[in-house]
Amino acid sequence: MTRMTDRKEGGNLAAKEQEKKIVSNMGYTIGGALLMNGVLQALIYPLLNRIMGGEQLGVLLYIMGVAAIVCPSVGQALNNSRLVVRRDCEVRNGDYDFLLLLFGGAGCIAALVICSDSFDSAGEALLTIVLLILTVFRYYGDVEYRLNLDYRKYFIYYAVLTAGYVVGFGVYLVTHIWFLIFILGEGAAILYLALTGTVLKNFFGRSSCFGTAFLRGGFLTVAYLITNLTLNIDRLVLKNMIGDLAVTQYYVTSLIGKTLVLLIAPVNTIIISYLTKREERLNRRQFLKFAGIGGGMAFAFFLCAQIGTPLFVWLFYRDLYASVKGMTTIVNLAQILGLFSAYLFIVVLTFTEEKWQLILQVVHLAVIMVLILWRTPSGGITGFCQAVLAANALRVAAVICLGLWKAGCDTGRQK
């Protein structure tokens with residue numbers, strides 16, 4: 001009896017320690033995201049707006065929007081792929097380092113073509129390539145800390161990145177080359193990774209699992225490419241259909257919502273890191289529990305965005321306040337639904353095949369493009385916002401249906 005009691009108490013203590021560790025790790029990941037985005041959104045971008053003006057900032061945001069499509073699509077996808085594939089294969093660093101160069105190089109070529117009209121010189125094109133490659137590796141690099149569940153170093157990684165941005169902004173004030181802000185930040189993070197981590201060692205050493213890493217990482221990269229294209233489609237569409245100023249207007253209105261979307265990424269990091277260490281897959285009841293928690297967080301984030309957006313725009317972009325205050329609610333709701341679906345996608349990824357994410361992302365991209373091309377010409381920026389909201393609502397419904405179906409299938413197999 002005493003032994004049983006001791007075992008029970010030991011199990012309870014272990015569970016409590018695990019809970020404390022999860023909370024601590026979540027604090028580190030959210031802290032890193034808050035630090036980086038706080039400096040970017042509350043310091044660097046508002047100051048750039050004052051120095052450059054809304055039109056020129058729109059050009060910068062357009063190029064950085066392309067980077068926000070390409071870089072996490074490759075780096076973050078291969079990061080998550082490595083966490084998932086480790087269940088089945090003993091991959092090596094070189095498997096993924098080679099894929100970073102391969103997929104990242106293809107992304108650079110596409111980005112140069114898309115941004116060609118925004119470059120004033122060949123030097124800007126070269127700086128864009130450097131920025132893209134560094135950012136691809138930075139997005140992948142935090143897998144070092146996710147593999148080992150060392151989120152204190154994860155926080156330091158993003159603190160170093162943030163410090164690099166601040167130093168880069170100082171260099172920009174002297175050189176007037178805005179690319180250096182981001183190149184120095186990304187470069188600082190990669191240097192920290194190289195000095196303290198292992199995922200960049202044995203860079204070209206591949207294993208027999210390379211084919212698996214290529215196929216599964218490739219599926220996930222394409223799925224993430226479509227996801228990030230839809231998240232940043234505003235910069236591509238608004239620039240080409242309305243103008244550079246519209247890019248800036250939508251950006252500042254959606255900024256609080258997009259920042260909250262970025263905050264969910266650390267939560268997703270914790271979820272996939274821990275769930276991929278479990279032997280069991282989620283069942284339908286567990287999936288609904290995760291969906292309910294995510295829905296509650298999304299509602300709370302929406303309320304925060306509704307309060308924060310007008311205040312933020314008035315404080316940091318007062319010259320744009322009058323032109324954007326009327327579309328705050330619809331933009332925030334669209335962003336939060338995008339946040340919710342991204343969270344659900346990560347949960348579903350832990351118990352289903354990557355191909356389903358790709359299928360849903362392709363369908364979502366097709367839907368959002370049809371809606372945008374239908375509403376934007378007649379409705380302008382308001383019509384664009386309505387199209388994004390409708391498409392994101394449909395995506396949330398589709399991911400929930402997929403999760404319920406696949407969790408039900410898994411439950412049947414486990415029985």
Side-chain angles (χ1 to χ4, degrees), residues 58-59 61-74 76-77 103 106-107 109-118 218-251 253-255 257-258 261 324 327 329-345 348 354-402:
V59 176
L61 292 173
Y62 179 72
I63 295 174
M64 292 303 295
V66 174
I69 294 169
V70 171
C71 299
S73 298
V74 177
Q76 208 167 56
F103 296 162
I109 295 171
L112 290 179
V113 173
I114 295 170
C115 296
S116 58
D117 292 341
S118 300
F219 263 121
L220 209 54
T221 296
V222 175
Y224 274 52
L225 183 62
I226 296 169
T227 298
N228 290 312
L229 176 59
T230 55
L231 286 174
N232 295 280
I233 202 168
D234 55 289
R235 305 191 199 185
L236 303 183
V237 170
L238 293 175
K239 176 182 173 65
N240 291 289
M241 296 186 74
I242 302 178
D244 289 326
L245 182 58
V247 176
T248 304
Q249 289 173 326
Y250 187 85
Y251 174 79
T253 309
S254 63
L255 197 52
K258 284 187 174 180
V261 171
V324 304
M327 58 185 190
T329 298
I330 190 170
V331 171
N332 281 335
L333 188 55
Q335 294 300 314
I336 297 305
L337 287 177
L339 173 153
F340 187 31
S341 65
Y343 162 84
L344 291 173
F345 262 125
V348 172
E354 290 90 338
K355 68 178 182 180
W356 287 107
Q357 296 217 20
L358 178 57
I359 291 169
L360 284 187
Q361 300 292 33
V362 170
V363 172
H364 179 247
L365 178 60
V367 169
I368 199 171
M369 287 305 302
V370 169
L371 291 174
I372 285 172
L373 293 175
W374 171 44
R375 293 295 302 135
T376 306
S378 59
I381 194 168
T382 301
F384 173 86
C385 296
Q386 293 168 348
V388 174
L389 174 59
N392 284 354
L394 289 172
R395 186 168 74 161
V396 168
V399 179
I400 290 175
C401 289
L402 174 65

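Residue numbers run from 1 in the order of the sequence given.
Listed by chain and number, the residues in a side chain to side chain contact (heavy atoms under 4.5 Å, CB included) with S341 are R395, V396 (sequence neighbours excluded). F384 pairs by the ring-ring contact (aromatic ring centres under 6.0 Å, His included) definition with Y250, not counting sequence neighbours. In terms of the side chain to side chain contact (heavy atoms under 4.5 Å, CB included) criterion, residue partners of A246 (sequence neighbours excluded) are, by chain and number, L238, I242, Q249.
Atom CG of L389 sits about 11.0 Å away from atom CG of N332, to the nearest 0.5 Å. Between the CG atom in L337 and the CG atom in L339 there is a gap of 9.0 Å [rounded to 0.5 Å]. With values rounded to the nearest 0.5 angstrom, S254 atom OG is found 13.0 Å from I330 atom CD1. In this structure, the separation between OG1 on T248 and NZ on K239 is 10.0 Å, given to the nearest 0.5 Å.
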Check your understanding: When you look at L344 and L402, which way does the side chain to side chain contact (heavy atoms under 4.5 Å, CB included) test go after all the steps?
Key -> CA-CA 10 Å; L344 291 173; L402 174 65; over 6 Å; no
If you look only at distance, which donor and acceptor atoms sit under 3.5 Å apart when one is on a side chain in residues 365-377 and the other is two or more places apart or in another chain?
{"from": "R375", "atom 1": "NE", "to": "Q386", "atom 2": "OE1", "distance (Å)": "3.2"}
{"from": "R375", "atom 1": "NH2", "to": "Q386", "atom 2": "OE1", "distance (Å)": "2.7"}
{"from": "T376", "atom 1": "OG1", "to": "I372", "atom 2": "O", "distance (Å)": "2.9"}

Acceptor/donor pairs from residues 61-72 side chains to any protein atom, 3.5 angstrom cut, sequence neighbours excluded:
{"from": "Y62", "atom 1": "OH", "to": "I114", "atom 2": "O", "distance (Å)": "3.3"}

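Note on residues 362-373: pairs passing side-chain hydrogen bond (donor to acceptor under 3.5 Å, both in side chains), not counting sequence neighbours, are H364-N392.
Across all their heavy atoms, N228 and S73 have their closest contact at ND2-OG, 3.0 Å.
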